[in-house]
2 protein chains.
Amino acid sequence: MIKRAKGVTISQVAEAAGVARSSVSRAFTRPDMLSPETVERIMKAAEALGYVPNHTARALSTGRHGNVGLIVPDIANPFFPPMIRAAQLEADRSDFCIFLGNTEENPKQEDKLVGRFAGQVEGLVLASSRLSDERIRAHAGKLPLVLINRDLDGIPRVLIDSGSGVHEAVEHLAKLGHRKIVYVSGPSTSWSNKQRRSAVRAAASSLGIEAETVPAVLPSYNSGRNAVGAILATGATAAIAFDDLTAQGVLAGLAEKHVSVPGDFSLIGCDDVLGAVTYPALTSVSNRSMEAGRVAVSLLLDMLQSRAIRDVRYVLETHLVVRNTTAALR
Amino acid sequence: MIKRAKGVTISQVAEAAGVARSSVSRAFTRPDMLSPETVERIMKAAEALGYVPNHTARALSTGRHGNVGLIVPDIANPFFPPMIRAAQLEADRSDFCIFLGNTEENPKQEDKLVGRFAGQVEGLVLASSRLSDERIRAHAGKLPLVLINRDLDGIPRVLIDSGSGVHEAVEHLAKLGHRKIVYVSGPSTSWSNKQRRSAVRAAASSLGIEAETVPAVLPSYNSGRNAVGAILATGATAAIAFDDLTAQGVLAGLAEKHVSVPGDFSLIGCDDVLGAVTYPALTSVSNRSMEAGRVAVSLLLDMLQSRAIRDVRYVLETHLVVRNTTAALR
DNA sequence: CTGTTAGCGCGTTCAT
DNA sequence: ATGAACGCGCTAACAG
């Protein structure tokens, strides 16, 4: 059985230091308002008693809890960890803590988390939200909100424009001689998915080649693998997948059907999270999730400080990273 | 500019419903203590005013904030996301929120985070802590603590016993005819690293083969890659790496030096996080980080409920997953 | 069953 | 420069 020290309070420190409670409070928040010697005496007493300011009480009194929330659809998706890490780092620079929420790709769960977070965070970052526009707007009315990869007018957002990279990808395939390609799509509620799909279509039509869409439902290895039948059925000679995970599944599925990549079929992923660890190394559209995480939190903290909400639309461009899963049609 | 609703309080609801504040409080926490009709009246008033209980105030009053903290060394390390996800899921089952902390493998940062979390969480899970025993004990004295992959007497802990799997790995290599192997180590402060290293040694000596250790400092792709020179210099014909990330780096480094795997050299990873996406598919020691996350949070919640601290030592065994980076010595 | 009264620990006027 | 007093929003102990 371990002894648990029960919180030493401001009053105990005050008594030990022979001053009023308010002085102790000041010693921690505005030391410049006290005489240096008083501050030192208080700090010494505090140290001796092992006093730690009570975050909760402070929050109740000031309304500022020094926390921000970050909600993502799936931590296990390699796209998010770097983003979370960067967000954390940025929050830490301002001594903010991060509440992490995982929605399991489920809008209901996301709503629930937002509700539970609201009230203990000063603001929220919603990454790749699966929520409806209405719900997001409703939440944004209640607390400062920054969106990642969701383009809603009037709400600060940082967007990873995979459109630019996808365009390069289609161009790349066209140059290699492919005349019919397929887009293996992701979650229908995903802004990125819509963006990539339309980028594929636009680029294809402007280059005069054919493009079809095949659904994969969830962004995962298995989804990609299961989509291979449909992909080959279209007669396409190349595919662009919603993300690297899906692409990896497609790669495996193709191997099972003895379709060689890039010999018989070219494949391009998105987000570039697996490039260095797959074989053959995956051609992919670069990912800027780290910057997105950093910028989103930075934006949020700005909002909190200025109490004003600017209509920011921060766009991060992407580009194609050519590796070994694409080749000329033979 | 968006309008932000400022909190409606319990008193306003009380007034609107024509009851005392405490009744409103009860309506939300112990409805069974009020007459059904009173509850309904209160709820209606609350609904009308858009009342939402203030989590912070409640926490201050009750001492229970319904949050637990989870601190990991590096979110970007694929070992952790599944653990975090499982922890989150388990916490959610009891309506707890998770504070996530990333220490960047830095003990000072870890200490700082623990301090910042304490006071707004009811308990803490420290995964693969880089802290000294003393610091951990000190923290455990202040709030309920559960450790993952750290074996400290008297503090509840869940351990992933990679020893069992590593033993199988060495055995596997010995059977394939390897007489000298090397262990590519991880962070010196890591409990798992010590465990794996000594498991390699013990197994090797009991099987009568040689084992050397080569340092890699951090568990990362680059570390592994940089260690290849030292690995080959030992004259070993097989290696077991601290984790899959390191192994992946080693794989790349070997390829650069035209050492073919598994033809010329056998390689085994740990944690099995990359197995399905590398080529050749990596032989690795299974990982049970998901269970570890789930169990740790579950343990913590138990502690919180019973206010008693049991000396639990929950061990998860591992085993070898043979894939394609190991082969008989030729 | 319901209202009254104290705090929870801290920040912040307002005096001194 | 420092202290006294009030309030943040809510829960809990104590009446009735």
Side-chain angles (χ1 to χ4, degrees), chain A residues 4-43 45-46 49-67 95 116 118-122 142-143, chain B residues 5-43 45-46 49-67 115-122 142-143:
Chain A
R4 190 89 61 212
K6 40 200 105 222
V8 24
T9 78
I10 209 174
S11 329
Q12 306 180 34
V13 179
E15 187 172 8
V19 297
R21 301 199 306 264
S22 45
S23 297
V24 180
S25 171
R26 286 177 183 125
F28 279 85
T29 52
R30 350 184 69 72
D32 47 301
M33 283 184 68
L34 301 226
S35 81
E37 74 168 12
T38 310
V39 172
E40 177 162 4
R41 188 148 39 94
I42 294 177
M43 287 316 216
L49 296 182
Y51 168 74
V52 174
N54 183 320
H55 204 98
T56 309
R58 184 180 303 199
L60 178 58
S61 163
T62 61
R64 314 208 61 209
H65 1 42
N67 300 324
D95 277 336
R116 233 220 288 319
Q120 25 187 2
V121 300
E122 291 182 41
K142 304 209 161 204
L143 83 174
Chain B
K6 42 197 106 233
V8 22
T9 79
I10 208 175
S11 328
Q12 307 180 34
V13 178
E15 187 173 7
V19 298
R21 300 201 305 265
S22 47
S23 296
V24 179
S25 172
R26 286 177 185 126
F28 279 84
T29 52
R30 350 187 67 74
D32 46 302
M33 284 184 67
L34 302 215
S35 82
E37 74 169 10
T38 309
V39 172
E40 177 162 4
R41 188 149 39 95
I42 294 177
M43 287 315 216
L49 296 181
Y51 168 74
V52 174
N54 182 319
H55 199 99
T56 309
R58 183 180 302 196
L60 179 58
S61 166
T62 61
R64 317 208 59 210
H65 0 42
N67 301 323
R116 232 220 287 320
F117 281 9
Q120 28 187 358
V121 300
E122 292 182 40
K142 304 208 161 204
L143 84 173

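Order of the sequence lines sets the chain letters (A, B, ...), proteins ahead of strands, with each chain counted from 1.
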Walk me through it: do Val24(A) and Arg21(A) pass the test side chain to side chain contact (heavy atoms under 4.5 Å, CB included)?
-> CA-CA 5 Å; Val24(A) 180; Arg21(A) 301 199 306 264; 5.7 Å; no

Using a heavy-atom cut-off of under 4.0 Å over every strand shown, decide if [X] touches base, sugar-phosphate, or nothing.
{"X": "Thr29(B)", "answer": "sugar-phosphate"}
{"X": "Thr62(B)", "answer": "sugar-phosphate"}
{"X": "Val19(A)", "answer": "sugar-phosphate"}
{"X": "Tyr51(A)", "answer": "sugar-phosphate"}

Whole angstrom value for the distance that separates [atom2] of [N] from [atom1] of [X]:
{"X": "Glu40(B)", "N": "dC1(C)", "atom1": "CD", "atom2": "P", "answer": "16 Å"}
{"X": "Gln12(A)", "N": "dG9(C)", "atom1": "CD", "atom2": "P", "answer": "8 Å"}
{"X": "Arg30(A)", "N": "dT2(D)", "atom1": "CZ", "atom2": "C1'", "answer": "15 Å"}
{"X": "Arg58(A)", "N": "dC8(C)", "atom1": "CZ", "atom2": "C1'", "answer": "16 Å"}
{"X": "Gln120(B)", "N": "dC8(C)", "atom1": "CD", "atom2": "C1'", "answer": "16 Å"}
{"X": "Glu37(B)", "N": "dC1(C)", "atom1": "CD", "atom2": "P", "answer": "11 Å"}
{"X": "Arg64(B)", "N": "dT11(D)", "atom1": "CZ", "atom2": "P", "answer": "13 Å"}
{"X": "Asn54(A)", "N": "dC10(C)", "atom1": "CG", "atom2": "P", "answer": "5 Å"}

Taking the nucleotide of DNA chain C with the closest heavy atom to each, which residue, Ile10(A) or Leu34(B), is nearer the 5' end?
->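 Closest to the 5' end, via its nearest nucleotide, is Leu34(B).
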
Any side-chain N or O of Ser23(A) under 4.0 Å from OP1/OP2 of dG3(D)?
->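 Looking at the OP1 and OP2 atoms of dG3(D), one of them is under 4.0 Å from a side-chain N or O of Ser23(A).
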
Is the distance from OP1 or OP2 of dT2(C) to the nearest side-chain N or O of Thr38(B) less than 4.0 Å?
->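 Affirmative; the distance criterion is met.
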
Flag, side chain of His55(B) to backbone of His65(B), donor-acceptor distance under 3.5 Å =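 Such a contact is found between His55(B) side chain and His65(B) backbone.
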
From [options], nucleotide with atom closest to [X] side chain:
{"X": "Ser22(A)", "options": "dG3(D), dG11(C), dG9(D)", "value": "dG3(D)"}
{"X": "Thr9(B)", "options": "dT11(D), dT2(C), dC10(D)", "value": "dC10(D)"}
{"X": "Leu60(A)", "options": "dG3(D), dC8(C), dC8(D)", "value": "dC8(D)"}
{"X": "Ser35(A)", "options": "dT2(D), dC10(D), dG11(C)", "value": "dT2(D)"}

Tell me, yes or no, whether the heavy-atom count around Glu15(B) atom CD, taken from other residues, nucleotides or ligands under 6.0 Å, exceeds 12.
->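 It does not: Glu15(B) CD has 12 such atoms or fewer within range.
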
Donor/acceptor link under 3.5 angstrom from Arg26(A) side chain onto base of dT13(C) =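 Under the 3.5 Å cut-off, the side chain and the base do form a donor-acceptor pair.
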
Can you name the closest pair of heavy atoms from Asn54(A) and Thr56(A) and give their distance?
->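 Nearest heavy atoms, Asn54(A) then Thr56(A): OD1-N, 2.8 Å.
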
Look up atom CD in Gln120(A) and atom CG in Asn67(A), then write down how far apart they are to the nearest 0.5 Å.
->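 Between atom CD of Gln120(A) and atom CG of Asn67(A) there are 7.5 Å.
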
